[in-house]
Amino acid sequence: MRTLEEVNRRLLDAIEEPPDTGEERRLDELAATFWERARRGEGLDAGYRCRVRYKLRTIAETTHDARARHLERARELLAERAASG
């Protein structure tokens, strides 16, 4: 579940990027979900992974560049996970 922990870390990095924009709570909820799934050893089904990638893309498109870079990395990790099965 290393990928889920890495996605969690990218989301936390995005939250820590100033300035606050109102997205932090939503990102924190996503990060908590990934942390819990990793802790329990659960995977992600394709539908959930797709929905999360879409959410991260829409947030990245409307936020500042520093935060968007972390969100794009999280999306890449999820895509790599999907490609590896």
Side-chain angles (χ1 to χ4, degrees):
M1 295 297 117
R2 182 78 188 139
T3 301
L4 298 181
E5 292 171 358
E6 291 173 6
V7 171
N8 170 270
R9 182 71 252 165
R10 297 293 72 76
L11 294 177
L12 294 176
D13 290 344
I15 292 167
E16 293 170 0
E17 284 291 342
D20 288 348
T21 59
E23 299 145 340
E24 295 78 19
R25 183 176 182 163
R26 187 174 180 192
L27 293 173
D28 189 49
E29 290 169 359
L30 283 173
T33 299
F34 281 106
W35 180 255
E36 268 305 304
R37 286 179 178 249
R39 189 182 66 76
R40 292 189 307 235
E42 295 178 6
L44 300 175
D45 64 63
Y48 182 80
R49 195 170 34 243
C50 182
R51 287 188 303 276
V52 170
R53 290 187 69 226
Y54 177 79
K55 285 179 193 177
L56 294 178
R57 187 185 74 198
T58 58
I59 295 171
E61 289 173 347
T62 61
T63 195
H64 53 85
D65 289 342
R67 180 169 290 161
R69 280 192 298 275
H70 293 296
L71 299 177
E72 287 302 321
R73 181 60 187 140
R75 290 185 74 240
E76 290 169 5
L77 289 166
L78 290 170
E80 291 168 11
R81 173 114 177 141
S84 69

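Side chains are part of it too, since the values below use all heavy atoms of this structure and drop only hydrogens, waters and symmetry mates.
- H64 and E17 are not linked by any side-chain donor-acceptor pair at a separation below 3.5 angstrom, with hydrogens and angles left out of the test.
- Counting heavy atoms from C-beta on, the side chains of L71 and L27 come closer than 4.5 Å.
- When the side-chain contact (heavy atoms from CB on, under 4.5 Å) test is applied to T33, the partners found at least two apart in sequence or on another chain are R37, Y48.
- Without hydrogens or angle criteria, D20 side chain to G22 main chain gives no donor-acceptor distance under 3.5 Å.
- Residue A60 comes nearest to A68 through the heavy atom pair O-CB, 3.6 Å, listed as atom of the first residue, atom of the second, then distance.
- Inter-residue side-chain proximity for E42 and L4 is flagged as unmet; no heavy-atom pair is nearer than 4.5 Å.
- Salt-bridge annotation for E6 and R10: absent, with no side-chain N of the basic residue lying under 4.0 Å from a carboxylate O of the acidic one.
- At least one side-chain heavy atom of L78 sits under 4.5 Å from a side-chain heavy atom of L44.
- Ion pairing between a basic and an acidic side chain is recognised when a charged N comes within 4.0 Å of a carboxylate O; E5 and R2 show such pairing.
- In this structure, the side chains of E61 and R57 come closer than 4.5 Å at one or more pairs of heavy atoms.
- Contacts of R9 classified as side-chain contact (heavy atoms from CB on, under 4.5 Å), with partners at least two apart in sequence or in another chain: L12, D13, E16.
- The pair E36-R39 meets the salt-bridge criterion, since a charged nitrogen lies less than 4.0 angstrom from a carboxylate oxygen.
- At distances below 3.5 Å, at least one donor-acceptor pair connects side-chain atoms of T62 with backbone N or O atoms of I59.
- Salt bridge absent: E80 and R75 never bring a charged side-chain N and a carboxylate O closer than 4.0 Å.
- The CG atom of L77 sits 12.0 Å away from atom CZ of R49, with the distance rounded to the nearest 0.5 Å.
- In this structure, CG in L11 is found 10.5 Å from CZ in R67, a value given to the nearest 0.5 Å.
- Qualifying side-chain contact (heavy atoms from CB on, under 4.5 Å) partners for R69, counting only residues two or more places apart in sequence or in other chains: D65, A66.
- Separating the CG atom in D28 from the CG atom in N8 is a distance of 9.0 Å, to the nearest 0.5 Å.
- Summarising the geometry, atom CG belonging to L30 is positioned 12.5 Å from atom CZ belonging to R25; distances are rounded to the nearest 0.5 Å.
- Side-chain heavy atoms closer than 4.5 Å link hydrophobic residues (I, L, V, M, F, W, Y) into clusters, and following such links, even through other members, never connects W35 to I15.
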